[in-house]
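This report refers to the structure that appears directly beneath it.
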Amino acid sequence: MRDTRPGPSLASAMPRDHAPSRSAADAGDARTRQTAPALLAWYDRHRRDLPWRARPGERPDPYHVWLSEIMLQQTTVATVGPYYARFLQRWPTVAALAAADLDAVLHAWQGLGYYARARNLHRCAKAVAGEHGGRFPETEEGLLTLPGIGGYTAAAVAAIAFGAKATPVDGNIERVVARLFALETPLPASKPELRRLAGLLTPETRAGDFAQAMMDLGATLCRPKAPLCLACPLTAFCAARAAGIAETLPRRSPKRARPQKHGVVFWIRCPDGAVLLRRRAEEGLLGGLMEFPSTDWREESWSVSAAIKAAPVKADWQALPGVVEHGFTHFDIDLTLLTGEVPARTKLEGVWVKPEDFAGQALPTLMKKVARHALAALQDAPAAPPETGRRKKKASS
DNA sequence: AATCCGTGGGT
DNA sequence: TACCCAAGGAT
């Protein structure tokens with residue numbers, strides 16, 4: 001249903017005992033007072049029904065709010081959905097999650113990325129279950145002491161789960177606020193100012209609904225590209241809209257190019273078909289996840305002879321055709337593969353796993369690509385007639 | 001303070 | 001293709 005009412009008038013909201021608005025400062029003051037009521041009215045009509053969101057009038061479950069906020073860090077709603085459902089079914093309470101094995105949590109997190117979140121999620125659950133009597137702290141300061149909870153998440157949980165007047169500021173809200181105030185300072189330098197301005201907008205009550213409304217607005221109308229200003233409940237207050245620069249905001253400082261790195265993976269088989277996997281270090285890139293052994297990943301390319309010197313075992317190495325490519329946030333990588341046979345399940349650092357059991361391992365996407373590539377190449381290679389047509393790539397994970 | 005952390009979808 | 005960007009945190 002379309003709302004055909006005119007937008008709120010700036011003048012009508014001015015206190016009666018004040019002179020009519022004449023200055024930009026007055027207009028800005030009107031903006032800070034009128035934004036929340038207008039936005040909440042919009043939210044009450046257009047609120048999205050998300051799995052972790054309490055129904056109107058229902059009390060939110062802090063565990064649900066916290067779990068969803070951790071998963072949603074730098075991750076889209078659509079991606080999170082299935083993971084959230086699986087976690088909640090398997091670990092219905094924070095106590096259940098605290099009692100889980102870290103390996104099980106990492107495995108359930110597989111594919112969601114930023115795996116430090118999963119380790120901190122588990123640590124946080126243990127802290128809440130152990131040191132806080134099974135209840136989450138209800139203040140920003142208290143929440144901030146927990147692993148994996150930073151300024152954004154502390155404010156989001158405090159506001160959404162506990163009704164505190166707190167102002168979470170995520171990428172959506174940064175964009176909405178930058179446009180509302182036509183702030184042209186580029187990110188990330190503008191972050192403190194954006195937080196301050198967002199705080200000015202936050203109402204005394206319904207701070208949680210306000211935050212979610214701002215995020216909904218950013219996700220559906222105040223989008224990065226092609227914002228739908230005509231449907232926006234804040235268009236009357238939006239300085240960027242008035243100036244015709246909404247789509248260009250927020251500005252961003254240029255980011256440096258991502259380096260290209262190279263590595264060589266050792267696909268080590270034993271006669272029963274098992275392949276060697278090892279666990280990565282707990283800290284850093286893909287921390288705690290499983291991988292196929294490889295050389296260092298470096299910007300200098302590897303020769304086969306140099307790579308073989310770095311192999312974890314002696315073998316008759318054979319190069320597989322093709323490369324596996326992958327992009328991370330801050331670098332791109334290509335991996336080439338060497339296959340080698342060992343006579344038995346040699347005692348090496350790692351575990352022997354048959355390909356049909358890979359699904360039971362916490363393999364990051366890069367290593368799933370490696371497995372798919374190796375299995376396809378090994379299936380094609382032995383005594384295969386020369387390829388004449390295009391080859392279809394099959395997913396085998 | 002700048003850099004390091006994944007991944008998938010949209011354009 | 002090559003970007004952008006997403007309910008950020010830790011160091």
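Chain letters run A, B, ... following the sequence lines, proteins first and then strands; every chain starts at 1.
Heavy atoms of Gly287(A) sit nowhere under 4.0 angstrom from any nucleic acid atom. Nucleic acid contact for Ile173(A): none, since no nucleic acid atom lies under 4.0 Å from a heavy atom of the residue. Using a 4.0 Å heavy-atom cutoff across all strands shown, Pro188(A) reaches no nucleic acid atom at all. Within 4.0 Å (heavy atoms only), Ile70(A) reaches no atom of the nucleic acid at all. Heavy atoms of Pro168(A) sit nowhere under 4.0 angstrom from any nucleic acid atom. In this structure, Thr75(A) reaches the bases: a heavy-atom distance under 4.0 Å links it to at least one base atom across the strands shown. Heavy atoms of Trp52(A) sit under 4.0 angstrom from at least one base atom. Across all strands shown, Gly218(A) has no heavy atoms under 4.0 Å from either base or sugar-phosphate atoms. Heavy atoms of Arg53(A) sit under 4.0 angstrom from at least one base atom. Here Arg252(A) lies in heavy-atom contact (under 4.0 Å) with sugar-phosphate atoms only. Leu50(A) comes within 4.0 angstrom of a base, heavy atoms only.
When rounded to the nearest whole Å, the span between OH of Tyr114(A) and P of dC5(B) equals 10 Å. What separates CG of Leu72(A) from P of dA7(C) is a distance of 8 Å, to the nearest Å. One atom, CD of Glu247(A), and another, P of dC5(C), lie 11 Å apart when rounded to the nearest Å. Spacing between atom NE2 of His330(A) and atom P of dA1(B) amounts to 21 Å, rounded to whole angstrom units. The CZ atom of Arg251(A) sits 17 Å away from the C1' atom of dC4(C) (whole-angstrom rounding). With rounding to whole Å, Asn172(A) atom CG is found 3 Å from dA7(C) atom P.
Counting non-hydrogen atoms of other residues, nucleotides and ligands closer than 6.0 Å to CD of Gln89(A) gives a total of 12 or fewer. Applying the 6.0 Å contact sphere to CZ of Arg135(A) captures no more than 12 heavy atoms from other residues, nucleotides or ligands.
By the 4.0 Å N-to-carboxylate-O rule, Arg53(A) lies close enough to Asp216(A) to be salt-bridged with it. One finds a salt bridge joining Lys165(A) and Glu204(A) here, because a Lys/Arg side-chain nitrogen approaches an Asp/Glu carboxylate oxygen to under 4.0 Å. A salt bridge links Arg280(A) to Glu291(A): one of the charged nitrogens lies within less than 4.0 Å of a carboxylate oxygen.
Of the candidates dG9(C), dC5(B), dA6(C), the closest approach to any side-chain atom of Thr153(A) belongs to dG9(C).
Contact check, Arg175(A) against dA6(C): a side-chain N or O comes under 4.0 Å of OP1 or OP2.
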